[in-house]
Amino acid sequence: MADLPDFMTDPNAVLNDKDHEWRYNRIPDYKKVNAAYEEEKSCTHAEGSLEWLVSNLVKNWEKEMSYKLRADQIRTIDASKYRFSVNGKEWNNAEEMLQLGTYNALIGDTELYKASEMDFSESHKLFKRALRTFSWEVIQVYSGPPCVAFKWAHWGTMTGDLSVKVGKDQKLEAHATNEVIKIYGVTVAKVNEKFEIEQLETFYDPSDMMRQMSKNRKEGSFNPEQLAASGKCPFNPK
């Protein structure tokens with residue numbers, strides 16, 4: 001463990017990077033998110049286990065990609081090689097992902113969410129207003145470095161209303177459900193000998209999350225049920 005970087009052994013390691021450039025000119029406060037995770041998590045991984053190590057790496061990666069401003073200061077990735085994709089779609093490099101924001105990069109353009117019509121700030125405000133917290137955990141790791149495949153869960157209680165652009169000047173709007181929104185996915189990460197991420201491929205159904213969040217749809221809102229009748233693929237609506 002002594003030879004491992006701190007971001008593999010401490011899920012909050014990068015929050016100590018006080019000399020780095022952070023969004024909003026401050027290091028983000030994860031106390032509320034961490035407390036919710038500890039209370040609600042379904043898995044407790046043994047210290048030193050592959051699941052524990054991968055969880056720490058991804059949690060630090062999320063903090064850096066969400067709140068650091070410079071790719072060359074993101075310690076969890078090899079910025080010269082890093083690329084990211086969801087559901088086999090186009091790749092984004094580190095600079096592109098910092099511009100898009102993690103929510104936009106992870107969801108993209110679907111029938112129920114138009115990342116191309118929202119900037120970083122809009123996308124983060126949307127989920128922060130709708131969900132009390134948005135916790136993430138590793139469920140199982142299928143293979144170790146350098147190619148790390150793992151299953152994960154992402155969840156949060158919807159305590160605020162939803163308002164999201166779906167294209168063609170339409171919005172999907174819904175009242176808070178006060179229920180837990182939960183999604184599952186699989187990610188394949190390639191890391192180098194320093195455990196820096198070079199490539200991330202994530203697979204999940206982003207529309208499943210939006211359907212759960214739109215359960216209490218407001219009058220006049222875009223209707224997700226129309227999609228089933230249209231026969232369009234939720235992963236590639238074009």
Side-chain angles (χ1 to χ4, degrees), residues 1 4-70 73-77 84 97-98 101-107 120-121 123-141 148 150-160 162 176-187 189 191 195-197 200 202 204 209 212-213:
M1 299 269 275
L4 292 172
D6 61 351
F7 56 74
M8 296 290 288
T9 60
D10 176 359
N12 300 294
V14 298
L15 298 181
N16 295 318
D17 298 344
K18 303 188 188 310
D19 295 332
H20 287 192
E21 293 184 31
W22 293 89
R23 201 176 295 274
Y24 312 122
N25 295 312
R26 65 179 184 272
I27 294 174
D29 185 351
Y30 271 75
K31 291 187 184 70
K32 183 179 177 182
V33 174
N34 291 341
Y37 164 75
E38 291 296 335
E39 182 179 342
E40 301 166 357
K41 64 184 179 180
S42 65
C43 301
T44 299
H45 302 301
E47 184 174 327
S49 67
L50 197 51
E51 282 79 9
W52 182 76
L53 293 168
V54 171
S55 177
N56 291 335
L57 171 61
V58 176
K59 286 179 181 292
N60 279 299
W61 166 85
E62 183 277 327
K63 292 175 176 69
E64 292 194 296
M65 294 305 302
S66 294
Y67 292 103
K68 283 189 176 179
L69 292 173
R70 290 172 46 181
Q73 292 184 341
I74 298 178
R75 299 196 286 120
T76 53
I77 70 170
F84 175 92
M97 195 167 177
L98 286 176
T102 44
Y103 287 115
N104 282 340
L106 280 161
I107 302 174
F120 177 100
S121 180
S123 64
H124 273 247
K125 286 179 181 177
L126 186 160
F127 287 98
K128 285 184 180 297
R129 288 169 178 167
L131 301 174
R132 184 170 59 203
T133 58
F134 206 9
S135 300
W136 183 93
E137 70 176 347
V138 169
I139 302 295
Q140 185 177 1
V141 177
V148 186
F150 54 95
K151 180 181 180 181
W152 50 263
H154 212 353
W155 75 94
T157 302
M158 186 180 178
T159 55
L162 173 73
T177 64
N178 292 306
E179 297 176 351
V180 174
I181 308 300
K182 192 166 191 177
I183 57 173
Y184 296 90
V186 172
T187 294
V191 300
F195 299 100
E196 296 167 339
I197 300 168
L200 279 176
T202 288
Y204 80 112
M209 174 174 62
Q212 291 180 59
M213 294 179 72

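Only this structure's heavy atoms are used, side chains among them; waters, hydrogens and symmetry mates stay out.
Here Phe127 pairs with Tyr103 under the ring-ring contact (aromatic ring centres under 6.0 Å, His included) rule; sequence neighbours left out. Remark: Ala130 pairs with Met213 by the side-chain contact (heavy atoms from CB on, under 4.5 Å) rule, at least two apart or across chains. The side-chain hydrogen bond (donor to acceptor under 3.5 Å, both in side chains) test applied to Ser123 returns no partner, not counting sequence neighbours. Contacts of Arg129 classified as side-chain contact (heavy atoms from CB on, under 4.5 Å), with partners at least two apart in sequence or in another chain: Lys125. With sequence neighbours excluded, no residue forms a side-chain hydrogen bond (donor to acceptor under 3.5 Å, both in side chains) with Trp22. Take Ser66 and apply the side-chain hydrogen bond (donor to acceptor under 3.5 Å, both in side chains) test, not counting sequence neighbours, and it matches Glu62, Thr102. Residues that satisfy the salt bridge (Lys or Arg N to Asp or Glu O under 4.0 Å) test with Glu38, not counting sequence neighbours, are Lys41. Every side-chain contact (heavy atoms from CB on, under 4.5 Å) that Asn56 has, sequence neighbours left out, goes to Pro11, Trp52. Lys31 meets the side-chain contact (heavy atoms from CB on, under 4.5 Å) test with Asp29; sequence neighbours excluded. Every residue meeting the side-chain hydrogen bond (donor to acceptor under 3.5 Å, both in side chains) condition with Asp6, not counting sequence neighbours, appears here in chain and number order: Arg75.
Residues in residues 18-28 take part in these salt bridge (charged side-chain N to carboxylate O under 4.0 Å, His left out) pairs, two or more places apart or across chains: Glu21-Arg70.
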Counting only pairs under 3.5 Å, give me each side-chain donor-acceptor contact of residues 133-141, with atom names and distances, residues two or more places apart or in other chains.
residue, atom, partner, partner atom, Å
Glu137, OE1, Ser42, N, 3.1
Glu137, OE1, Cys43, N, 3.2
Glu137, OE2, Ser42, N, 3.3
Glu137, OE2, Ser42, OG, 2.4

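A side-chain N or O of Arg132 and one of Thr157 form a donor-acceptor pair less than 3.5 Å apart.
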